[in-house]
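Worksheet for the structure shown next.
Chain letters run A, B, ... following the sequence lines, proteins first and then strands; every chain starts at 1.
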Amino acid sequence: MEGFPILTAIIFLPVLGIALVMALPKERHAAIRWTALAVALLDLALGAALVALFKTGAMNFIERFDWIASAGISYHLGLDGISMPLFVLALLLSVVAVVASWSITERVRSYFALLLLLEVGMLGVFAALDFVLFYVFWELVLIPMFFLIGIWGSARREYAAIKFFIYTLLGSVLMLVGIISLYFAAGIGSFDILKLQGVVLAREVQIVIFAAFFLGFAVKVPIFPFHTWLPDAHVEAPTAGSVLLAGVLLKMGGYGFIRIALPILPKAFHYYRPAIAGLAIVSIIYGAALALAQKDLKKLIAYSSVSHMGYVMLGIAAAATASLNGAVLQMVSHGLITGMLFLLVGYIYERTHTRQIAELGGLSTAVPKLAGLFGFAALASLGLPGMSGFVAEFLVVLGSYKAYIWLSILAASAVVLTAGYLLWTVQRVNFESLPAKFKGLPDASLREIASVAPLATATLAIGLYPLPLLAAINPAVGGIMKMVGG
Amino acid sequence: MSWSVFAPEIIVFAVALIALLIELDRDVKRPWLGYVIGMGFIGALVADAVLLGAGVTETAFNGGYRIDALAAAFKAILLAASALVAIATARVSIAGAKRGEFYLLLSLSVLGATMMASAGDLLVLFLSLELTVLPSYALVALKRDGRSTEAALKYFLLGMVASAIFIYGASLTFGLTGSISFTDIAASLSRTGMSPALVIGIITLLAGLGFKIAAVPFHFWAPDVYEGADVPVASYLAVGPKAGGFAAIIRLFVVALGPAATTWAPLFAIIAVGSMLVGNLAALSQTTVRRLLGYSSIAHTGYLLVGLAVVSGYARTSLIFYFLVYSAAVLGAFLIVLAAAPTVGESIEGFAGLSKRAPGLSFAMAVFLFSLVGLPPLAGFIGKFYLFSSAVRGGMVWLAVVGVVNSVISFGYYSNIIRQMYLVKPVASSEVSVPWPLKATIYFLVAAIAVIGIYPSAILTMLNL
C-alpha cells in the first residue's frame with residue numbers, strides 16, 4: 001500500500017461516480033441509484049481499509065505535492081486521530097444518504113450527482129492539511145447543498161437554500177481573509193497547516209485573526225447567535241440533505257476549531273475562551289429550550305443539534321484532555337444519532353405527510369418497527385448510558401469541570417431539558433391515540449431499516465466500548481493540548 | 001527594433017481591412033466571415049503570445065509606444081476575447097447591420113484597445129483611446145432601434161465629455177511637467193514634487209479613464225449600453241474597452257505618475273469601494289439579465305481597482321490575472337444571453353426552468369456565475385484570492401474585507417438567475433436551439449474557467465505571480 005495515494009482515491013472516487021451517473025440515460029432511475037450506492041459503498045470499503053491501516057499518534061496516509069508553488073500552496077492530505085473518525089463518519093453517512101434517497105423521483109440523475117459531489121467536499125475538508133485546499137473543499141460543500149435544499153426541499157426551499165448559502169458564505173469569506181492574514185503574518189511563505197502550527201504569532205495579531213476564523217467556524221457549528229440559518233435549512237432540506245447537514249457539515253466547524261484555531265492561535269484562544277464557553281452554554285440551554293417549544297419534528301431536531309453542538313464547543317473551550325476527547329467523540333456521536341433521527345423523521349413524513357407533532361400519535365401501534373427505531377434514536381440523543389452520546393457528553397462535562405465548574409454543572413443539568421423534550425416528543429409521536437387516517441400505514445421496509453441499522457449499531461458499539469475510538473483520538477488530542485498550552 | 005514586434009497590431013489591422021473590403025463588396029450571409037475574423041484575432045493572439053513568451057521589451061517612436069509584458073498580457077486577454085466573440089457570432093444574426101460592418105467596427109475597436117495597452121505617452125494614449133471608443137459608439141447604435149440609439153447617444157455624449165476631461169488633465173500634466181512621455185513625466189515629477197494643479201491633473205486623468213472602465217461615479221452609461229446594444233456588441237464591450245482602459249491606467253499611473261502614488265492610491269481605494277457597493281447593490285434589484293450583468297461589471301471594476309489601490313507589483317499582477325478570469329466569466333454570461341434570448345427573452349424570469357429546457361446552457365451559466373461570485377474550485381476564486389491577498393499584504397485588510405463581503409452580496413443577485421434556472425418550474429417547454437459555434441465557444445469558456453481554477457499555475461507562472 002505504500003505510495004498509493006489512498007486518500008486522493010477515496011476523496012475523488014465520487015467524482016468518477018458522478019461521471020458514471022451522468023453517463024446513464026436520465027429515465028433509468030434504478031440504474032442511477034444503484035450506481036451511486038455502489039460508488040458510495042466502495043468508498044466506504046476503502047475507508048474501512050484506512051481504519052485497518054491507521055496508526056494512532058501520527059499523521060497517517062500523508063500525500064503532499066506543490067499545487068501553486070509560487071504562493072506556497074500545496075496539495076497536502078493526511079489523517080490523524082481527530083480527522084479520521086470524522087472522515088469515516090462522512091463516508092458512512094454518505095452511504096446512508098444514498099439509501100435514504102431511494103424515494104427521490106424528480107431529476108434523479110442530478111440529485112445523485114450532487115450528493116456525490118457533496119461527499120467529495122466533506123471528505124476533503126477533513127483530510128486537507130493546507131489552508132487553501134481546506135478552503136476549496138469547505139466551499140465546495142456549499143454548491144451541492146444549495147441545490148439539494150433548493151430543488152428537492154419542501155415548501156419554503158428557495159428561501160432556506162439562499163439563506164443557508166449566504167450565511168455560511170459570509171462566514172467563510174471572512175475566514176478566507178483570516179487565512180490570508182495568517183499567511184502574511186506568519187511570513188513563512190506557506191499555507192501548510194502543520195507548518196503554520198509551529199509559528200508563534202504575537203498575541204494582538206492572533207486575536208484579530210482568531211475573530212475571522214471564529215466567524216467562519218461559528219456559523220457552521222452553529223453557535224448561538226449564529227444559528228438562525230440552521231432550522232430553516234433543516235426543515236426545508238430533503239431527508240438526505242438534513243442527514244448530511246447535521247451529520248457532517250456542522251462538524252466542519254468544530255473540527256476547524258480543533259485543527260486550526262486552537263493550535264495555531266493559542267494565545268487568542270485563551271483570550272476568547274470565556275466568551276466561547278459562555279456562548280456554548282447558551283447554545284446548550286437555549287437550543288434545548290427552543291426544542292422543547294417546537295411543533296415541527298424537524299425543527300425540534302434542528303434545535304436539539306444546536307444544543308448538542310454546544311457540548312462540542314464547551315469541550316473545546318475547556319481545552320482539557322478529557323473534554324477535547326469528548327468534543328471529538330460528541331461530533332461523531334451527534335453525527336450518528338442526529339443522522340438517525342432525521343432519517344426516521346423523513347420516513348415518518350413519507351408515510352404521514354406531516355411533521356407536525358400534534359398531528360401524529362400512536363405510531364407504535366401502526367408502524368411498530370419505525371416507532372421503535374425512533375424511540376431508540378431519541379433515547380440515544382438524550383444521552384442514555386450505553387450509547388455514544390452518554391460517553392461523549394460525560395467526557396465533556398467531566399473535562400470542563402476543572403476550568404468552568406459552574407458551566408459544567410449547568411451543562412450536566414441541561415440534560416434534564418434534553419430528556420424532557422425528547423421523551424415528551426416520543427410520547428406524543430409513538431404513543432397516545434393513533435389518528436384514524438394513519439391506520440394501515442406500511443411499516444419500515446428492509447431498505448429503511450438497513451439505512452438506520454449501521455448508525456444504530458455504531459451508536460451502541462461506541463457507547464458500550466468507546467475505548468478503541470478514544471485510543472485513536474487521544475494521542476492526537478494530546479498533540480493539540482501541547483500546542484494550546486495551559 | 002524590428003517591425004515584428006508590431007505583429008499583433010498589424011494582423012488586427014489586416015483583419016479590419018478584410019472586413020472593410022468584404023463589407024464594401026456585398027452583404028455576407030454565410031458564417032465564414034466570422035471564422036476568418038476569429039482566425040485573424042487568433043493569429044494576432046499567437047503573435048502576441050510569442051512576444052510575451054520571449055519577454056520582448058521594446059520602446060518605439062520616442063517612447064510613445066511600449067511593447068512589454070504588461071501590454072502583451074492585456075493584449076492576449078483582449079485578443080482571445082475578441083476571437084471568441086467573432087467565432088461565437090459567426091452564425092448569429094446581427095440585428096440591423098451587415099455582418100461585415102459589425103466585424104469592421106469590432107476589429108477597429110480591438111485595434112484601438114491593443115494600442116492603448118502599449119501607449120507610452122499621453123498623445124498615443126488619447127488617440128488609441130478614441131480609436132477604441134469611436135467604433136464602439138457606432139457598434140452600440142448598429143441595432144437601429146430606439147433603445148440602442150438612446151444607449152449609443154448616452155455612451156457617445158458621456159464618452160466625449162470624459163475624453164474632454166482627459167485631454168484637460170493631460171494638458172495640465174504636460175504644462176506642469178513639460179513632457180507627454182510617461183518616463184519623462186515621472187522624472188520631472190520626482191524632481192519637482194507635487195503641486196495642487198497636478199492633483200487636479202491627476203483627478204481629471206482618472207475621471208477620463210474611469211469612464212472607460214465604468215468605475216463609479218463614471219459608470220452611468222454601462223447598464224444602458226450593455227442592455228441597449230445588440231448582444232454580440234455588448235459581450236465585446238464588457239471586455240474589450242475595459243482591457244485597454246485598465247492597461248492604460250496601470251501604465252499612466254504607475255509609470256508616469258508613480259512618484260505621486262500616495263496621492264492617487266487613496267483615490268483608487270475610494271473608487272474601488274464605491275464601485276463595488278454601487279454595482280452590487282444596484283444589481284440586486286434588476287429584472288433583466290443584461291442590466292444585471294451591467295451593474296455586476298461595475299462591481300467587478302471595483303474589485304479590479306483594488307489592484308491599483310494597493311501600490312505593488314504583486315497587486316497589479318493580481319489585477320491582470322483577475323481581469324483574465326473575470327473576462328472569461330462575463331463573456332460567457334453574455335454569450336449565454338446571446339444563445340438563450342431568442343427563445344426565452346432577456347428578463348431574469350424568462351430563465352425560469354431553463355435547466356430543463358437547456359441543461360447544458362444552464363450548467364454553463366451556473367459555472368460563469370459561481371466563478372463571478374468567486375467560489376472554488378472555479379477560476380474566479382483564484383482571481384479573488386490573489387487580489388485580496390495583495391490587499392492584505394499591502395496592509396489594507398479592511399479593503400479585503402469590503403471585497404469579500406461584497407462578493408457575498410453579489411451572490412444575492414447571481415443566485416436570482418440560478419434560482420430561476422434551477423429552482424423554478426419552466427413556463428414553456430420549447431427547446432432552445434443554439435448555433436454550434438456559439439455553443440462551442442461557451443463550453444470552451446466553461447472548460448477554461450474550470451482548468452484555470454483547478455490548475456492556475458500555468459498562467460500564474462506566465463504572469464510571474
Side-chain angles (χ1 to χ4, degrees), chain A residues 22 26 66-71 73 75 106-107 109-110 114 120-121 124 131-143 146-147 149-153 157-159 161-163 165-185 187 191 208-209 212, chain B residues 314 317-318 355-356 359 362-363 366-367 370 373-378 381-382 384-395 397-412 414-416 418-425 453-461 463-465:
Chain A
M22 293 313 280
K26 64 177 163 204
D66 287 338
W67 179 22
I68 306 175
S70 55
I73 300 170
Y75 178 85
E106 198 188 340
R107 296 203 227 179
R109 201 168 55 168
S110 317
L114 286 167
V120 175
F131 267 114
V132 177
L133 190 64
F134 175 80
Y135 185 80
V136 167
F137 285 124
W138 178 278
E139 294 281 57
L140 188 60
V141 167
L142 291 189
I143 298 175
F146 171 79
F147 285 115
I149 298 175
I151 300 178
W152 293 273
R157 56 180 180 265
E158 291 175 17
Y159 167 77
I162 289 171
K163 186 172 178 183
F165 202 99
I166 288 187
Y167 260 70
T168 45
L169 184 63
L170 187 61
S172 52
V173 294
L174 292 173
M175 177 175 86
L176 179 64
V177 177
I179 292 175
I180 296 170
S181 305
L182 181 66
Y183 172 81
F184 288 114
F191 280 97
V208 176
I209 297 175
Chain B
Y314 180 76
T317 320
S318 304
S355 64
K356 290 212 163 159
S362 303
F363 176 76
V367 168
F370 280 128
V373 176
L375 284 181
L378 302 171
F381 164 68
I382 306 283
K384 281 191 175 163
F385 177 80
Y386 272 97
L387 210 47
F388 298 143
S389 287
S390 73
V392 173
R393 189 180 178 185
V397 179
W398 67 271
L399 197 54
V401 172
V402 170
V404 295
V405 170
N406 265 282
S407 305
V408 178
I409 299 176
S410 76
F411 179 75
Y414 292 129
S415 71
N416 244 344
I418 292 170
R419 189 178 75 93
Q420 289 293 345
M421 291 192 307
Y422 283 94
L423 312 190
V424 176
K425 299 257 175 300
I454 291 165
Y455 191 71
S457 290
I459 287 176
L460 293 173
T461 325
L463 293 170
N464 278 325
L465 196 65

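With a 4.5 Å cut-off on non-hydrogen atoms, A:I143 touches chain B through its side chain but not through its backbone. For A:I151, the parts lying near chain B are the backbone and the side chain together; criterion is any non-hydrogen pair under 4.5 Å. With a threshold of 4.5 angstrom between heavy atoms, B:I382 approaches chain A through side-chain atoms but not through N, CA, C or O. Interface residue B:F381: only side-chain heavy atoms are found under 4.5 Å from chain A. Of the atoms belonging to A:W138, not a single heavy atom falls under 4.5 Å from chain B. Contacts between A:F137 and chain B at a heavy-atom distance below 4.5 Å are absent for every atom of the residue. Of the atoms belonging to B:R393, heavy atoms from both backbone and side chain fall under 4.5 Å from chain A. Of the two parts of B:F385, the backbone and the side chain both hold a non-hydrogen atom closer than 4.5 Å to a non-hydrogen atom of chain A. Contact annotation for B:K384: neither backbone nor side-chain heavy atoms come within less than 4.5 Å of a heavy atom of chain A.
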(request) Run the numbers on B:V392 and A:Y183 for side chain to side chain contact (heavy atoms under 4.5 Å, CB included), then give the verdict. (result) CA-CA 10 Å; B:V392 173; A:Y183 172 81; over 6 Å; no
(message) For a side chain to side chain contact (heavy atoms under 4.5 Å, CB included) check, start with the C-alpha distance between A:R107 and A:F147, then their side-chain angles and the critical distance, and finish with the verdict.
(response) CA-CA 12 Å; A:R107 296 203 227 179; A:F147 285 115; over 6 Å; no
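Taking 4.5 Å as the limit, some side-chain heavy atom of A:V173 sits within range of a side-chain heavy atom of A:L169. Looking only at side-chain heavy atoms (C-beta outward), B:F370 and B:I418 come within less than 4.5 Å of each other.
The backbone N or O of A:W67 sits less than 3.5 Å from a side-chain atom of B:S457, completing a donor-acceptor pair.
Chosen from B:L375, B:V373, B:V424, the residue pairing most often with chain A at heavy-atom distances under 4.5 Å is B:L375.
In this pair, B:F411 and A:F146 present their aromatic rings perpendicular. The plane angle is above 60°, beyond the 30 to 60° band.
Listed here is the closest heavy atom pair of A:S172 and A:E139: OG-OE1, 3.0 Å.
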